[in-house]
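Beneath this line is the structure, given in structure tokens, with notes to follow.
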Amino acid sequence: MILHTPLLIISQLVNFDQGLEPQEFLDAAVGLFALLLFALSISAYRKTRLTRLLIVSVAFALFAVDVVIRQLDVFVFTVGYQTDQVITTVIELFILLLFFLAVVAKR
């Protein structure tokens with residue numbers, strides 16, 4: 001009985017009968033690619049110690065966080081359309097600012 005409890009909770013949150021929508025699949029691919037780029041840029045930062053790479057690494061991590069927030073809102077939270085849009089737009093603004101900082105950073 002205890003083992004079935006998490007499955008019951010998850011099954012109430014997610015409708016498994018619908019399958020993955022193309023947008024959800026693409027979001028998952030973007031999130032995984034962002035995590036891969038984050039790992040590669042962190043590895044490059046450890047070798048070179050360039051501040052630019054650290055800034056870019058944070059931006060790639062924010063891409064993954066953005067995808068997670070969008071997916072959690074779809075499957076779990078349902079915070080509302082406006083709240084979801086505001087949070088993801090702010091994250092995207094930070095991502096753009098981080099990429100700009102990486103371009104203009106001296107070292």
Side-chain angles (χ1 to χ4, degrees):
M1 181 71 177
I2 294 174
L3 295 175
H4 296 288
T5 304
L7 291 176
L8 289 174
I9 293 170
I10 291 171
S11 66
Q12 291 173 356
L13 297 174
V14 179
N15 187 357
F16 290 109
D17 296 331
Q18 288 182 351
L20 279 178
E21 296 289 325
Q23 180 63 37
E24 294 166 5
F25 177 75
L26 289 173
D27 275 345
V30 167
L32 289 174
F33 189 59
L35 288 176
L36 174 69
L37 292 174
F38 169 71
L40 290 173
S41 59
I42 283 290
S43 175
Y45 169 73
R46 288 183 179 166
K47 292 177 185 175
T48 63
R49 296 291 180 195
L50 289 173
T51 306
R52 291 177 178 188
L53 290 174
L54 185 61
I55 294 171
V56 168
S57 298
V58 173
F60 287 138
L62 281 177
F63 264 117
V65 168
D66 185 48
V67 170
V68 168
I69 287 174
R70 279 188 274 146
Q71 290 305 310
L72 283 178
D73 185 52
V74 169
F75 288 118
V76 179
F77 293 131
T78 325
V79 231
Y81 178 75
Q82 293 295 329
T83 306
D84 179 39
Q85 290 296 318
V86 169
I87 291 171
T88 56
T89 302
V90 168
I91 289 174
E92 290 168 2
L93 175 65
F94 281 123
I95 291 168
L96 288 173
L97 286 172
L98 288 170
F99 281 133
F100 174 75
L101 288 175
V103 169
V104 298
K106 295 284 183 189
R107 262 190 74 70

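Scope of the values below: all heavy atoms of this structure, side chains included, with no hydrogens, waters or symmetry mates. For the single chain, residues carry numbers from 1 onward in sequence order.
No continuous path of ILVMFWY side-chain contacts below 4.5 Å connects V30 to V65, so the two sit in separate hydrophobic clusters. In the hydrophobic clustering of this structure, V90 groups with I69; members are Ile, Leu, Val, Met, Phe, Trp, Tyr whose side-chain heavy atoms approach within less than 4.5 Å, directly or through other members. L40 is connected to F33 through a chain of hydrophobic side-chain contacts under 4.5 Å among Ile, Leu, Val, Met, Phe, Trp and Tyr, so both are in one cluster. Under the 4.5 Å side-chain heavy-atom criterion for grouping Ile, Leu, Val, Met, Phe, Trp and Tyr, F100 is not connected to I95 through any hydrophobic cluster. Grouping the Ile, Leu, Val, Met, Phe, Trp and Tyr side chains by contacts below 4.5 angstrom, directly or via other members, places L37 with L101.
In this structure the side chain of L36 never reaches within 4.5 angstrom of the side chain of L32, judged on heavy atoms.
Residues L62 and I91 come closest through the heavy atom pair O-CG2, 3.6 Å. In plain terms, the two heavy atoms of D27 and R70 that are nearest each other are OD1-NH1, 3.0 Å. Of all non-hydrogen atoms in A64 and G31, the two that sit nearest each other are CB-O, 4.2 Å.
For the side-chain contact (heavy atoms from CB on, under 4.5 Å) criterion with Y45, the lone passing option out of I55, L53, T51 is L53.
More than 12 heavy atoms of other residues, nucleotides or ligands sit less than 6.0 Å from atom CZ of F99. More than 12 heavy atoms of other residues, nucleotides or ligands shown are found within 6.0 angstrom of CZ on F60.
To the nearest 0.5 Å, atom CG of residue L98 and atom CZ of residue R52 are 14.5 Å apart.
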message = Before you tell me yes or no, could you show the steps for I42 and F38 under side-chain contact (heavy atoms from CB on, under 4.5 Å), namely the whole-Å CA-CA distance, both residues' side-chain angles and the distance that decides it to 0.1 Å?
response = CA-CA 6 Å; I42 283 290; F38 169 71; 3.6 Å; yes
